[in-house]
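Atoms within each ligand, like the ligands themselves, are counted from 1 in listed order.
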Amino acid sequence: MGTALIYDEEMTRYKLLWVDPSCKIEVPERLIVSYEALVKSGLADRCVSVPVREATDADILLVHSEEYLQAVKTTPFMTLEEMQDFCAQYGDVYFHPNIYHCATLAAGAALQLVDSVMTGKVRNGMALVRPPGHHSMHNAASGFCIFNNVAIAAQYAKQKYGVKRVLIVDWDIHHGQGVQYCFEDDPSVLYFSWHRYEHQKFWPKLRESDFDSVGKEKGAGFNINLPWNKVDMQNSDYLSIFHHLLLPIAYEFCPDLVLVCAGFDSAIGDPEGEMCATPDIFAHLTHLLMNLAGGKLCAVLEGGYNLTSLAQSVCQTVQTLLGDPPPRPANLDGPCQSTVESLHCVRSTHRQYWSCLKHAADLPTFDVSTKDLSLDESLNSEESKEEHVWPEPPKRLTPAIRAALLLPDGITCPDGCYRQSVSECLDPLIVTKLKENILTDSEDDSNALSTLSSLIDLVEKMEKDEVCSGLALVHDVSKAMKCVVPHAASALKNRVLVICVGDGKVPIHVSEDGKVLMVQLSNKESQEPESRYFIPVCLKKGCSDVSGFIQAILSLLLPLGYEYDPSLVVLVQMSDSGLCESMWLQLTSLLRGLAQGHMLVLMQKGNEACVSPTASSLLGDPAPSLGPLVAPLPENVESVEMLRHRLKADWKLLQTTAQDIG
Ligand SMILES: NCCCNCCCCCS
Ligand SMILES: [Zn+2]
């Protein structure tokens with residue numbers, strides 16, 4: 001199934017008709033440059049083009065009042081003065097004779113996207129729309145928004161498709177107060193927003209945008225606000241919030257549908273956000289959300305006012321929706337002090353609502369001074385804001401072969417995959433090396449030899465970018481590891497992340513040179529980590545504690561993996577992993593976000609049934625939903641927390657509390 005792209009140039013046909021400094025950034029060119037970039041990069045052609053439609057009155061009344069709709073319907077016939085008067089009652093929004101029509105198209109586009117995804121016509125998609133929606137409220141326009149496109153889409157999905165749980169992720173740099181108000185008391189819609197806040201000094205300057213607005217009545221816990229109290233936030237800050245706040249809760253919530261208020265004013269260069277996160281980070285944010293709800297994800301454009309970073313960010317998002325692995329994240333640091341404080345506040349506030357936050361520390365006690373209540377720097381004059389420049393995101397060329405499989409005879413190669421031939425011509429050099437370190441002479445050499453040398457051949461093709469990912473079903477995964485990992489570590493100029501799932505003894509010693517980072521997920525009692533680069537994660541009752549396992553992946557393994565930034569990931573399914581298939585597929589899909597998708601999966605013969613589902617993950621298909629999660633085993637949360645505590649001195653992306661970073 002494909003990716004829908006919804007766009008109609010009619011939505012470019014309205015603009016600001018008078019002088020208003022607060023609205024001048026919302027221009028038609030925002031849509032034009034975004035769509036043109038998708039066309040120019042060839043991404044538009046890879047999408048399924050879905051037409052817009054006008055939202056009906058009934059659609060709009062799912063969120064807005066009758067009187068507000070009627071009032072907006074009169075604007076096309078207003079004089080300029082009447083329109084200016086009409087706007088005066090709202091904040092930072094303008095009207096135009098054609099904006100009502102465009103607003104019905106923007107909302108209709110979001111509904112078309114929901115229809116396309118919910119009927120299975122496409123897997124996911126993006127709607128490029130204006131006017132944006134997330135600030136508009138039941139009775140009012142606000143912040144360039146007329147109708148709340150995403151809120152209407154959520155209500156529509158619940159009403160028409162009986163969707164039980166909708167996750168709305170708002171990565172726009174402004175707080176979508178309209179969305180928050182709409183679902184405040186509704187436990188079926190989880191609204192997550194991060195936003196520039198600066199202790200209530202940044203627009204829309206609302207007290208209820210702070211972290212302690214958790215929703216009300218039955219909706220308590222289903223509204224999550226992450227305030228950015230400083231500007232210049234970077235990729236590490238964004239990833240930390242996903243790893244330690246949004247994703248653990250999102251997996252526990254287990255949505256049937258994910259809607260994204262995809263605003264790109266949170267990207268570098270944007271005059272509103274003044275952040276430093278680069279456009280490629282949206283590939284990772286998208287990728288990390290794509291394994292929820294079985295991949296049913298609808299991204300709807302909100303803000304984004306720097307035409308260069310907007311276009312680049314839109315392309316990064318769409319290319320990831322199409323299944324291309326994200327680019328390697330550039331020089332990640334740890335989260336900054338302000339981020340960790342906000343993270344700490346939100347996690348401790350929401351601890352009572354979410355079992356994955358059970359171990360979140362108590363609210364940090366800040367002395368007032370850290371709130372720097374002096375006139376904040378963000379109000380400084382225009383000229384002192386230096387122009388940010390950033391490198392164009394690297395071309396995400398996808399190797400000709402997305403997945404190469406090394407399979408024993410008799411096992412069919414799943415569609416879309418390339419069968420790696422068991423190499424006949426054995427490289428004598430390799431043969432001797434294998435004979436020396438790995439093969440015992442008792443072995444029936446020919447078979448083992450050819451398999452292992454084919455494995456090495458596969459790794460080399462990955463290194464040369466001829467193959468994106470690989471999967472090998474072998475007699476003995478330990479031997480395969482002993483053959484592949486040292487070769488990759490020595491041959492590759494960079495780092496190899498090895499993830500072993502299962503209780504077997506890890507057959508390779510990990511040196512301190514950092515060329516290999518080994519993480520073992522097993523139910524073996526975790527002894528002291530042998531070295532900084534060997535991390536045993538002990539999960540009681542094996543991996544049957546799915547929620548304990550997924551929390552370990554999200555809050556420990558992924559931060560480690562992103563910080564380590566490997567050039568190759570080797571994922572080993574030991575014989576006795578005991579892992580349920582859906583958890584295994586979540587792990588495979590999530591790890592694809594590293595090393596630009598260069599992942600080699602080693603599976604023990606006997607797991608034939610798991611080959612084609614794993615192959616589809618390597619091809620970019622989303623993993624099936626894990627289903628609603630029960631609370632993780634306390635001892636598993638405990639052991640992961642202990643490990644995180646011990647490792648955070650070495651790995652900054654593991655930090656989650658103000659003390660951690662102090
Ligand atoms: N300096 C201009 C102030 C604009 N304030 C409203 C912003 C609305 C963004 C919608 S994503
Ligand atoms: Zn915005």
- Message: Looking at every non-hydrogen atom in both residues, tell me the closest pair between Val93 and Cys23 and how far apart they are.
- Response: N-SG, 3.7 Å
- How are the rings of Tyr90 and Tyr68 set to each other: parallel, tilted or perpendicular (split at 30° and 60°)? perpendicular
- Task: Give the atoms of ligand 1, by number and element, whose distance to some non-hydrogen atom of Ser22 is under 4.0 Å.
- Result: 2 (C), 3 (C), 4 (C)
- Item | Side-chain (Asn223) to main-chain (Ser213) donor-acceptor, under 3.5 angstrom | yes
- Query: Honestly, is Arg130 close enough over Tyr14, meaning NZ or CZ under 6.0 Å from the six-membered ring centre and within 45° of the axis?
  - Reply: yes
- Message: Heavy atoms only, cut-off 4.0 Å: how does Ile173 contact ligand 1, side chain, backbone, both, or neither?
- Response: neither
- Item | Number of protein N/O/S atoms that sit closer than 2.8 Å to the Zn ion (ligand 2) | 4
- Message: Is it true that Asp333 and Ser236 share a donor-acceptor pair across their side chains at a distance under 3.5 Å?
- Response: no
- Considering only heavy atoms of Asp265, which atoms of ligand 1 have at least one such atom less than 4.0 Å away? 11 (S)
- Query: Among Glu272, Glu26, His135, which one has a heavy atom closest to atom 3 (C) of ligand 1?
  - Reply: Glu272
- Is there a donor in the side chain of Ser188 and an acceptor in the side chain of Lys158, or the other way round, less than 3.5 Å apart? yes
- Distance filter under 4.0 Å to His134 heavy atoms, resulting ligand 1 atoms: 11 (S)
- Consider only side-chain N and O atoms of Ser209 and His175, and report whether a donor and an acceptor are under 3.5 Å apart. yes
- Query: Is Pro132 in contact with ligand 1, taking contact as a heavy-atom separation below 4.0 Å?
  - Reply: no
- Item | Which residue and heavy atom of the protein sit nearest atom 5 (N) of ligand 1, plus the separation | Asp92 OD2, 2.7 Å
- Nearest-0.5 Å distance that lies between atom CZ in Phe192 and atom CD1 in Ile241: 6.5 Å
- Query: For ligand 1, which atoms have a heavy atom of Gly303 less than 4.0 angstrom away?
  - Reply: 11 (S)
- Item | Geometric class of the His64/Phe147 ring pair [parallel <30°, tilted 30-60°, perpendicular >60°] | tilted
- Item | Asn225 versus Glu208, side-chain donor and acceptor atoms under 3.5 Å | no
- Message: What I want to know is whether His174 and ligand 1 share at least one N or O pair that is separated by under 3.5 angstrom.
- Response: no
- Note on the structure: Taking only non-hydrogen atoms of Asp172 and a 4.0 Å limit, the atoms of ligand 1 in range are 11 (S)
- Query: Side-chain donor-acceptor pair under 3.5 Å between His174 and Asp172, yes or no?
  - Reply: yes
- Query: If you count the atoms of ligand 1 from 1 in the order shown, which ones are under 4.0 Å from a heavy atom of Tyr305?
  - Reply: 9 (C), 10 (C), 11 (S)
